Protein chains: 2
Amino acid sequence: MPDVAADRRVRRTRAAIQRALLALMAEKGYEAVTATDIIERADIGRSTFYTHFTDKQHVLYDSLDDLGDFLRDQRRPGHDGVLGFGLALFEHVDEQRDLVRVLLGRRGGRVVQDRVAHLLAELVREDLAALDGPAPDVPLDLVVTGVVGTYLALLRTWADSGTTWTPAEMDDVARRLLGPGLAALFGPVTA
Amino acid sequence: MPDVAADRRVRRTRAAIQRALLALMAEKGYEAVTATDIIERADIGRSTFYTHFTDKQHVLYDSLDDLGDFLRDQRRPGHDGVLGFGLALFEHVDEQRDLVRVLLGRRGGRVVQDRVAHLLAELVREDLAALDGPAPDVPLDLVVTGVVGTYLALLRTWADSGTTWTPAEMDDVARRLLGPGLAALFGPVTA
DNA sequence: CCGTTCCTGAACAGATTGTTCAGGAAAGGT
DNA sequence: ACCTTTCCTGAACAATCTGTTCAGGAACGG
């Protein structure tokens with residue numbers, strides 16, 4: 001496998017492959033894309049593809065790592081109590097809608113979802129840990145899992161649908177669905 | 001395509017195919033199973049398989065439909081009258097843990113998850129529609145999506161983890177997390 | 001017992017995957 | 001400008017999987 005950062009040809013080839021995959025995912029969905037598709041779209045030799053990536057999956061992995069770095073930089077702290085991260089989350093996704101739709105939507109892959117879930121779980125856990133109410137008598141991890149599940153499901157639906165909803169409306173749904181339950185679990189929380 | 005219910009040969013063939021897929025999924029995961037695998041495991045002719053199912057996917061769909069029917073029958077009303085399917089769901093998963101882990105776990109594949117989500121969405125929608133409170137001022141579909149997301153996330157975590165929790169405890173988490181919010185959305189629900 | 005329906009299994013075209021290899025092309029350093 | 005290293009090419013290849021076809025045999029239900 002060629003050195004990753006050194007040669008300009010390597011950078012061009014890898015970039016072309018990743019660009020090809022994302023474009024094809026937007027057209028056919030992740031599952032339907034074949035390695036041959038990527039090779040043709042990227043306009044490279046067949047052997048070239050396999051010298052850089054073992055799989056269609058590993059192309060996606062690399063792209064996700066890039067996206068992860070980007071998201072980590074853009075992360076903003078919540079500002080109004082429980083689930084304060086939510087609005088910022090939906091707003092951010094709103095800006096990156098095209099890419100997010102491809103990655104998280106119905107035609108996206110499973111890998112993406114798991115990684116995003118992990119990322120969200122960190123945000124939620126920080127949020128809940130900041131509450132000064134009494135510790136709940138249910139496992140915190142389960143609560144985090146449930147909350148993340150809700151947000152992820154809403155994100156997916158939002159990214160897929162024609163979406164007339166604004167980030168604020170999406171956040172409102174999540175907040176009103178989960179807020180009362182969380183308040184009951186963690187003690188009275190004033191927004 | 002042969003008549004589904006009439007002939008004994010048809011029932012045997014279809015049952016063998018479904019059994020084969022589930023067994024293979026438990027061994028290799030959904031994605032790794034090929035139609036040829038199923039054919040060999042089920043010990044049937046190649047053409048026979050394609051007479052009954054167009055896809056590996058459709059074999060799975062049929063099996064999941066069976067699960068849906070089961071959950072519908074087992075449904076029990078919760079304290080609020082809402083989320084009555086939950087306990088039966090967790091109990092069933094508890095019994096079929098190996099299978100469910102394969103279905104929803106990391107090796108499960110995206111198709112399974114979407115199908116199960118669709119299945120649960122119907123149950124939740126029926127549940128919420130049965131409430132006599134005023135219509136909520138947020139889109140019902142979004143609420144359903146959020147609720148299903150929570151249950152699915154809890155299911156996945158539960159199936160994957162070492163499981164010290166009982167079905168009742170899992171159901172309790174979901175109920176306490178979502179119940180208050182749903183009550184607030186759909187009007188006061190008397191216990 | 002008999003007409004209907006189903007199963008068989010081989011054979012087939014087409015796609016896809018992942019590897020190999022020799023020769024040409026581009027890169028980076030001096 | 002030169003030269004050595006590294007990369008890209010693209011065709012050829014075996015292997016696997018898919019979905020269809022068809023004629024003959026087997027099981028079914030009545």
Side-chain angles (χ1 to χ4, degrees), chain A residues 1-63 107-111, chain B residues 1-63 102 107-112 114-115:
Chain A
M1 186 162 313
D3 193 351
V4 176
D7 204 306
R8 180 189 306 158
R9 292 168 293 183
V10 173
R11 292 194 301 268
R12 291 214 319 179
T13 299
R14 297 180 77 94
I17 290 176
Q18 299 198 356
R19 223 180 306 125
L21 174 58
L22 289 182
L24 287 166
M25 281 180 65
E27 298 171 11
K28 316 201 301 183
Y30 175 76
E31 311 281 0
V33 177
T34 69
T36 303
D37 287 336
I38 301 176
I39 289 166
E40 289 175 352
R41 177 64 62 97
D43 194 27
I44 58 172
R46 181 165 198 78
S47 56
T48 305
F49 175 85
Y50 283 104
T51 42
H52 287 284
F53 299 95
T54 65
D55 244 13
K56 161 181 100 176
Q57 226 178 68
H58 283 77
V59 181
L60 182 64
Y61 284 167
D62 270 28
S63 297
R107 333 187 66 176
R110 175 69 188 269
V111 193
Chain B
M1 188 164 310
D3 193 352
V4 175
D7 204 307
R8 178 190 308 155
R9 292 168 293 182
V10 173
R11 292 193 301 269
R12 291 215 319 179
T13 299
R14 296 179 77 95
I17 290 176
Q18 297 199 356
R19 221 180 308 123
L21 173 57
L22 292 182
L24 286 166
M25 282 180 64
E27 298 172 9
K28 315 202 298 183
Y30 174 76
E31 309 281 3
V33 177
T34 70
T36 302
D37 286 336
I38 302 176
I39 288 167
E40 289 176 352
R41 178 65 61 96
D43 194 28
I44 58 173
R46 180 166 199 77
S47 56
T48 304
F49 175 85
Y50 284 104
T51 316
H52 288 283
F53 299 95
T54 64
D55 247 10
K56 163 180 98 175
Q57 226 178 70
H58 284 77
V59 180
L60 182 66
Y61 284 172
D62 270 28
S63 297
V102 172
R107 313 168 72 188
R110 183 65 185 270
V111 192
V112 194
D114 286 347
R115 192 66 175 183

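Note that the structure is a prediction, hence the values are computed from the model and not measured.
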Practice task
Look at the side chain of A:Lys56 and the backbone N and O of A:Tyr30, then say whether any donor-acceptor pair between them is shorter than 3.5 Å.
Solution key: yes
Fill in the blank from the handout: So CD of B:Glu40 and OG1 of B:Thr34: to nearest 0.5 Å the spacing works out to 7.5 Å
Problem - Residue-phosphate contact under 4.0 Å: B:Thr36 side-chain N/O, D:dT16 OP1/OP2 - result: no
Problem - Sugar-phosphate only, base, or nothing, as touched by A:Thr48 at under 4.0 Å among non-hydrogen atoms - result: base
Handout entry: Residue met sooner reading DNA chain D from 5', once B:Phe49 and A:Asp43 are mapped to nucleotides
Key = A:Asp43
Handout entry: Nearest listed nucleotide, side chain of B:Tyr50, among D:dC17, C:dT16, D:dT20
Key = D:dT20
Handout entry: Presence of B:Thr51 side-chain N/O under 4.0 Å of C:dC7 phosphate oxygens OP1/OP2
Key = no
Exercise for the section: Starting from C1' on D:dA12, measure out to CD1 on A:Ile39 and report it in whole angstrom. Expected result: 15 Å
Exercise for the section: Report the distance from atom CZ of B:Arg14 to atom P of C:dT5, rounded to the nearest whole Å. Expected result: 17 Å
Exercise for the section: Compare side-chain N and O positions of A:His52 against OP1 and OP2 of D:dC7 and report whether any pair is under 4.0 Å apart. Expected result: no
Handout entry: A:Ile17 CD1 - D:dT9 C1' separation (whole Å)
Key = 13 Å
Handout entry: Euclidean distance, atom CZ of residue B:Arg46 to atom P of D:dT18 [Å, nearest integer]
Key = 6 Å
Practice task
Drop me the distance from B:Thr13's OG1 to B:Asp43's CG, to the nearest 0.5 angstrom.
Solution key: 11.0 Å
Problem - Gap between atoms NE2 and C1', on B:His58 and D:dG19 respectively (whole Å) - result: 14 Å
Exercise for the section: Return the nearest nucleotide to the side chain of A:Ile44; candidates are D:dT9, D:dG19, C:dT17. Expected result: D:dT9
Problem - Test item: B:Arg46 and B:Thr36 side chains (from C-beta on) under 4.5 Å apart, heavy atoms - result: yes
Fill in the blank from the handout: Protein heavy-atom contacts under 4.0 Å, written 5' to 3' over nucleotides 21-30 of chain C as B (base), S (sugar-phosphate only) or - (none), form the string B---BBSS--
Practice task
Supply the atom-to-atom distance A:Phe49 CZ to A:Ile38 CD1, rounded to the nearest 0.5 angstrom.
Solution key: 4.5 Å
Fill in the blank from the handout: Here the distance between atom P of D:dT18 and atom CG of B:Asp55, to the nearest Å, is 9 Å
Problem - Atom pair distance, as rounded to whole Å: CZ in B:Phe53 and C1' in C:dC7 - result: 15 Å
Handout entry: Contact check, side chains of A:Gln18 and A:Asp62, non-hydrogen atoms, under 4.5 Å
Key = yes
Practice task
Starting from the C-alpha separation in whole Å, work towards a yes-or-no answer on side-chain contact (heavy atoms from CB on, under 4.5 Å) for A:His52 and A:Ile44.
Solution key: CA-CA 11 Å; A:His52 287 284; A:Ile44 58 172; over 6 Å; no
Problem - Gap between atoms CD1 and C1', on B:Ile38 and D:dT16 respectively (whole Å) - result: 16 Å
